[in-house]
**Student:** 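Below are the structure tokens for one structure; questions will follow.
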Amino acid sequence: MAEIALRDVRKTFGRGRDAVTALDGCTFTVPDGEFVTLLGPSGCGKTTALDLVAGFTDSTAGRVTVGGREVTRPGPERAVVFQDSALFPWLRVEDNIAFGIRMAGRPAREIRERVDRLLERVGLTEFRRRYPAELSGGMRQRVSLARVLALDSAVLLMDEPFGALDAQTRGLMQEFLTGIWERDRRTVLFVTHDLDEAVFLADRVLVMTARPGRIKQELQVDLPRPRAPDIMATPRFHALRDEIRRLVRDEAIRTMRPLATERGAS
Amino acid sequence: MLWQLSVSAGLVRAELLPTPGEVSATLLDLVFANSGAAGRYSGDWPEHAAASLIRVYAGFALAVAVAVPVGIGIGSSRTFERVVDPTIQLLRNIPITGFVPIAIVLFGLGDRPAIYLIALAAFFPTVVNTSYGVRQIDQRIVRSALMMGAGPFQRLVRVILPAALPAIFTGLRLSMGVAWVQNVVAEFIGVRSGLGYLLFDAYQFFAPHVMLATMFSIGLLGFVSDRLILLIRLRVLAWNRLGTLRG
């Protein structure tokens, strides 16, 4: 079981007058084996929520649990894919993918076999000897995906992993990720600000409020699986996306309000 | 060219500034004892060069062995930085020549104070660059290692060290240059061998052609040492080729 649960979580950065509260009263659950996207206006604390689940930071108040156990530090049972791949530039593609398995101290033969399989799965076998700097953005994110799939984690955390890619590549990567996920159904928490992406990938979409962030609304995505890009042309997809767009728009306006009143005053 | 012309045209007195031709003949004779152009110094170079090389490389090795761990400490720990960094920044501003008397008092004459002075001078560029190299590591890279289950030792060896290596190499190159400069200063006093000693001796006995030939040879050895580090860098940092803004 690898259910992610946040209970009444608050996270404040800094102290005194400079203190910023990123999350307040943030409660949500990602059921075991579900793909959940976390959506919200920029600066609403999406990434902070993900960092808490990853164990990169501690909450100021409230509980963060994965599989019933309190999260205290990062670990391979909670794999993370970062925006703008955080690969090791001094390692070749194959060694980047092998890093986590090596840390786990697996025998050399097993490492080789698993790396071979993963390279094939992400379609980068012929690029195995390249360095990250020699790859395109889309290829680098496929390596990032392969290196976390190698960990065989129960939980996958993704922080706008396709945000830095061009629209074309992003579409292909979403399709690719869906394909992978539909095969082994891990628990995924996927942070994004792209509406289409949020609906296309998810079983469930969580919409966050403006800062301090908490969950404004939760929507079930009842689109059939397996999903292909043409699902984005269906009326049901449009209905869901438009509903979410309204919710996010309200929050985005709230973050802009200081700006609007300033303009009104002058 | 300018040098040869100004001597030939009599702008500078020939007995004060020998021509490049004379100097190269002197250097060849210093090394191979083939023409007698270096006079009583003929064939002395290999012995002095060996003495200098040993001091420079010993001092350099000692400096690097201390500077890299200390630099990593400063770069990765706030507390360590607060304690150690001010001391280093203070010492860094004292000209190394100022340490000569204390080195002699502590270590007497001979190789040891020379190596100590070289090591002291070579320490600073590497420690400063290493700590910078560690500090500028992308936080997400360290987080990646944490998330994949790397422990403290594995993070140090497999992540922090390789990530800081380009900056460390910059430090090594600067340190090597400083080591050669400091070696000459160290050899002016307290030792009876080395290229610095040869240079100083030739000055006292007024042999400008030998002085210039020796100076040139020191420059050459420094240059070769730098190339050696670059060569190692090329090997070790295949992923990080030195480029310029124009590629």
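Convention: sequence-line order gives letters A, B, ...; per-chain numbering from 1.
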**Student:** By a 4.5 Å heavy-atom criterion (distance strictly below it), what part of Val148(A) contacts chain B: side chain, backbone, both, or neither?
**Tutor:** side chain
**Student:** What are the two closest non-hydrogen atoms of Leu118(A) and Ala146(A), and how far apart are they?
**Tutor:** CD1-O, 3.7 Å
**Student:** Check the pair Glu197(A), Arg170(A) against salt bridge (charged side-chain N to carboxylate O under 4.0 Å, His left out), reporting the backbone distance first and the verdict last.
**Tutor:** CA-CA 9 Å; Glu197(A) 181 171 80; Arg170(A) 193 184 311 155; 5.1 Å; no
**Student:** Tell me, do Val93(A) and Ile97(A) make a side-chain contact under 4.5 Å, heavy atoms counted?
**Tutor:** yes
**Student:** As a quick check of understanding, evaluate salt bridge (charged side-chain N to carboxylate O under 4.0 Å, His left out) for Glu113(A) and Arg109(A), giving each step before the final call.
**Tutor:** CA-CA 6 Å; Glu113(A) 283 169 9; Arg109(A) 173 115 174 263; 3.4 Å; yes
**Student:** Evaluate whether atom CZ of Phe216(B) has more than 12 neighbouring non-hydrogen atoms of other residues, nucleotides or ligands under 6.0 angstrom away.
**Tutor:** no
**Student:** Who are the salt bridge (Lys or Arg N to Asp or Glu O under 4.0 Å) partners of Arg17(A), not counting sequence neighbours?
**Tutor:** none
**Student:** Would Val143(A) and Phe127(A) count as a side-chain contact (heavy atoms from CB on, under 4.5 Å) if you check the C-alpha gap in whole Å, the side-chain angles of each, and the deciding distance to 0.1 Å?
**Tutor:** CA-CA 10 Å; Val143(A) 179; Phe127(A) 296 96; over 6 Å; no
**Student:** So if I take each residue of residues 145-152 of chain B and look for any heavy atom under 4.5 Å from a heavy atom in chain A, which residues do I end up with?
**Tutor:** Ala145(B), Leu146(B), Met147(B), Met148(B), Gly149(B), Ala150(B)
**Student:** Could I get the full list of side chain to side chain contact (heavy atoms under 4.5 Å, CB included) partners for Val66(B), not counting sequence neighbours?
**Tutor:** Val70(B), Phe123(B)
**Student:** Which is it for Phe60(B) and Ile229(B) under the side-chain contact (heavy atoms from CB on, under 4.5 Å) test, yes or no, and what are the steps along the way?
**Tutor:** CA-CA 12 Å; Phe60(B) 175 77; Ile229(B) 296 177; 4.1 Å; yes
**Student:** For Ile101(A), is it the side chain, the backbone, both, or neither that has a heavy atom closer than 4.5 Å to a heavy atom of chain B?
**Tutor:** neither
**Student:** Regarding Thr29(A) and Arg7(A), do their side chains bring together a donor and an acceptor under 3.5 Å, going by distance alone?
**Tutor:** yes
**Student:** If the plane angle is over 60° it's perpendicular, under 30° parallel, otherwise tilted; pick one for Phe99(A) and Phe88(A).
**Tutor:** tilted
**Student:** What part of Phe82(A) gets closer than 4.5 Å to chain B, counting heavy atoms only: side chain, backbone, both or neither?
**Tutor:** side chain
**Student:** Under 3.5 Å, what donor-acceptor pairs does chain A form with chain B?
**Tutor:**
| from | atom 1 | to | atom 2 | distance (Å) |
| --- | --- | --- | --- | --- |
| Asp51(A) | OD2 | Arg143(B) | NH1 | 3.3 |
| Gln83(A) | O | Arg140(B) | NH1 | 2.7 |
| Asp84(A) | O | Arg140(B) | NH1 | 2.6 |
| Ala86(A) | O | Ser144(B) | OG | 3.2 |
| Trp90(A) | NE1 | Arg158(B) | O | 3.4 |
| Arg147(A) | NH2 | Ser144(B) | OG | 2.8 |

